[in-house]
Amino acid sequence: MGVTGPTGPVMDRDEVDRALARLGAEHEAIETSLLALQDHAGRRLLEGAELTGVTQERWTATEASITLLWTYFDAYTDALHSARDIRSRRRWSSREDLVELTELLTGDSVTVAGSATATANAPTLHGGPTKLSERYSLTTLVDRMNELYATSLDMVVAADAVWSALPARIDLLAAELQRTRRLAHSVGVRPGEHPAGDDLERITRILTKLREQVISDPLAFWLAAEGSSAPGGGRPDTTVYDREARALDDVRREIDAVLTVRQDAEKRIVKLRDLLSRADRTLAEARTARGEVLAKIAATEVPVVSGPPTVLQEQVAAAAEYRRQAQWHRLSPLLESLEQKAEDELLRARESLTAVTAPLAVRAELRGRLDAYKAKVARHGFAEDTLLVERYEKARRMLWSAPCDLRAAEQAVLRYQHAAAELLSGPRVPGQGVPEDDRRGPGA
């Protein structure tokens, strides 16, 4: 800038040409962006939608911003055309032309009527009250347009992203929901009769309401990315959708379980009856064994054996009736409960039999131990030992008599064992050694 005007340094011809080239490129870029925003699918959808909530509020402000953008752009265009007209007057611009161009290109030379800002319902550049008119430099006007464009595009892109993502996914889930409802109805899973039927009704209501809300207020389902300044930075909020999708998966699994019941219900009922029949036979065996134990074993407490569980038999009959009437949704949970109860009943019957026959098992163990020791002393040549023969016979009479006193019989077997052990460990010849009377202990 070689000369000075009333307001400061005056641009020379080269500086003016460079500034006009830069401003022309900016003008072309801004125009392209504004036309793209004007044709954006999200903006067209916003114009035709019946909006509510936060989207309605932000779209009102965004429409005002877009209107103001075009007002600023028109003012920018007029100023640029004026500068180009002045520059094109002559090949070598006069000082008066350069002064005028400098003021137009660098000073606050662009006037925008305050009524335009007020009509557009948009804030002024500095956030103050609307004036009758506002003056901007071309550079300031470009910054203002960039700011308004970024906020407008952010709102349009966010709404379009939600509309592009959620309604289609909701529709797909709703279609799957309808297929699931028809399948549920075919197996008797209905609202008020089965929890899964109630869940289907709830999911249907929520998805219907969710779709209405997404269409009318998409920005309520937008999560802006923290720290991102790029327009449209963020993602759709799918929390409600994801929750209902998981709930529908749970219902489908429940219906699959009901379908499985329908396929193998007869086999499972037959198995249930077999388990309960085995439990009944085991209890009958336990009752018979108890009578035998009471007759053969003395001074022993034998547990009482309960009868067969009639409640389970009634429930199995109810399951068979559900199967006959094709009430699969009722049969499914009943079979699951009965299968566990039948297993528990068979286990209880077996434990009862084991508890009842325990004294007989003890007697059998004592008999086996007595005979094993007898065979052992016989191998060592002491089978005819008088003391051993006497103690063996005494223990044998106790174990093979009825009723058998297990406590006394056990003591008799222990005395025989001790005598045999002493005899086998001592260096004596059969028939010799300690006199008969001395070998008899006080418990002989």
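The figures here come from the full heavy-atom set of this structure, side chains too, leaving out hydrogens, waters and symmetry mates.
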For [Y], is there an ion pair with [X] - N to carboxylate O distance below 4.0 angstrom?
X: Asp264; Y: Lys271; value: no
X: Glu345; Y: Lys341; value: no
X: Lys394; Y: Glu390; value: no
X: Arg144; Y: Glu147; value: yes

What distance do [X] atom [atom1] and [Y] atom [atom2] have between them, rounded to the nearest 0.5 Å?
X: Arg396; Y: Ser401; atom1: CZ; atom2: OG; value: 10.5 Å
X: Arg44; Y: Asp39; atom1: CZ; atom2: CG; value: 6.0 Å
X: Leu387; Y: Leu423; atom1: CG; atom2: CG; value: 8.5 Å
X: Arg43; Y: Asp160; atom1: CZ; atom2: CG; value: 12.0 Å

(request) With sequence neighbours excluded, tell me which residues meet ring pair (Phe, Tyr, Trp, His ring centres under 6.0 Å) with Tyr392. (result) Tyr416

(request) Please list, chain by chain and in numerical order, all residues satisfying ring pair (Phe, Tyr, Trp, His ring centres under 6.0 Å) with Phe221, sequence neighbours excluded. (result) none

(request) Only counting residues at least two apart or in another chain, list the ones meeting side chain to side chain donor-acceptor pair (under 3.5 Å) with Asp250. (result) Arg253

(message) Suppose we screen for side chain to side chain donor-acceptor pair (under 3.5 Å). Which residues come up paired with His418, at least two apart in sequence or across chains?
(response) none

(request) Using the side chain to side chain contact (heavy atoms under 4.5 Å, CB included) rule, take Ile255 and Val251 through it: C-alpha gap first, then chi angles, then the decisive distance, then the call. (result) CA-CA 6 Å; Ile255 294 174; Val251 172; 3.8 Å; yes

Could you tell me whether the side chain of [Y] reaches within less than 4.5 Å of the side chain of [X], counting heavy atoms only?
X: Leu34; Y: Ile66; result: no
X: Met398; Y: Leu366; result: no
X: Leu183; Y: Leu259; result: yes
X: Gln213; Y: Val240; result: no
X: Val377; Y: Leu424; result: yes
X: Gln411; Y: Leu414; result: yes

(request) Take Leu360 and Arg363, measure what side chain to side chain contact (heavy atoms under 4.5 Å, CB included) needs, and give me the verdict at the end. (result) CA-CA 5 Å; Leu360 295 178; Arg363 187 185 67 173; 4.0 Å; yes

(message) Is it the case that over 12 heavy atoms from other parts of the model lie below 6.0 angstrom from the CD atom of Glu393?
(response) yes

(request) State which residues pass salt bridge (charged side-chain N to carboxylate O under 4.0 Å, His left out) with Glu384; sequence neighbours excluded, sorted by chain then number. (result) none

(message) Just to verify, what does Glu410 make a salt bridge (charged side-chain N to carboxylate O under 4.0 Å, His left out) with, not counting sequence neighbours?
(response) none

(request) Name all pairs fulfilling the salt bridge (Lys or Arg N to Asp or Glu O under 4.0 Å) condition that reach into residues 277-289, sequence neighbours left out, sorted by first residue then second. (result) Asp274-Arg278

(request) Kindly give the heavy-atom pair with the smallest separation between Ala319 and Leu338, and that separation in Å. (result) CB-CD1, 4.2 Å

(request) State, to 0.1 Å, how close Ala265 and Leu335 come at their nearest heavy-atom pair, and which atoms those are. (result) CA-CD1, 4.5 Å

(request) Name the orientation class of the two ring planes belonging to Trp70 and Phe73 (parallel below 30°, tilted from 30 to 60°, perpendicular beyond 60°). (result) perpendicular

Can you list, pair by pair, the side-chain donor-acceptor contacts under 3.5 Å of residues 241-248, counting residues two or more places apart and other chains?
residue : atom : partner : partner atom : Å
Asp242  : OD2  : Thr238  : OG1          : 2.8
Glu244  : OE1  : Arg202  : NH1          : 3.0
Glu244  : OE2  : Arg202  : NH1          : 3.4

(request) Please lay out, stage by stage, how Leu219 and Val162 fare under the test side chain to side chain contact (heavy atoms under 4.5 Å, CB included). (result) CA-CA 7 Å; Leu219 294 188; Val162 173; 5.7 Å; no

(message) Run Thr62 and Leu46 through side chain to side chain contact (heavy atoms under 4.5 Å, CB included) and show every step you take.
(response) CA-CA 10 Å; Thr62 300; Leu46 285 164; over 6 Å; no

Please check: side-chain N/O of [X] versus main-chain N/O of [Y], any donor-acceptor pairing under 3.5 Å?
X: Ser137; Y: Thr140; answer: yes
X: Arg235; Y: Leu223; answer: no
X: Arg367; Y: Leu399; answer: yes
X: Thr282; Y: Arg350; answer: no

(request) Kindly state each residue pair satisfying side-chain hydrogen bond (donor to acceptor under 3.5 Å, both in side chains) with at least one member in residues 27-36, sequence neighbours excluded. (result) His27-Thr77

(message) Going by the rule side chain to side chain contact (heavy atoms under 4.5 Å, CB included), which residues pair with Glu201 if we only count those two or more places apart in sequence or in a different chain?
(response) Arg181, Pro191, Arg205

(message) Holding to side chain to side chain contact (heavy atoms under 4.5 Å, CB included), I want the full list of residues that pass it with Glu339, two or more places apart in sequence or in another chain.
(response) Arg268, Leu272

Atom pairs and distances, donor-acceptor, side-chain atoms in residues 168-176, under 3.5 Å, two or more places apart:
residue : atom : partner : partner atom : Å
Asp171  : OD1  : Arg211  : NE           : 2.7
Asp171  : OD2  : Arg211  : NH2          : 3.1
Glu176  : OE1  : Arg179  : NE           : 3.3
Glu176  : OE1  : Arg179  : NH2          : 2.6
Glu176  : OE2  : Arg252  : NH1          : 3.2

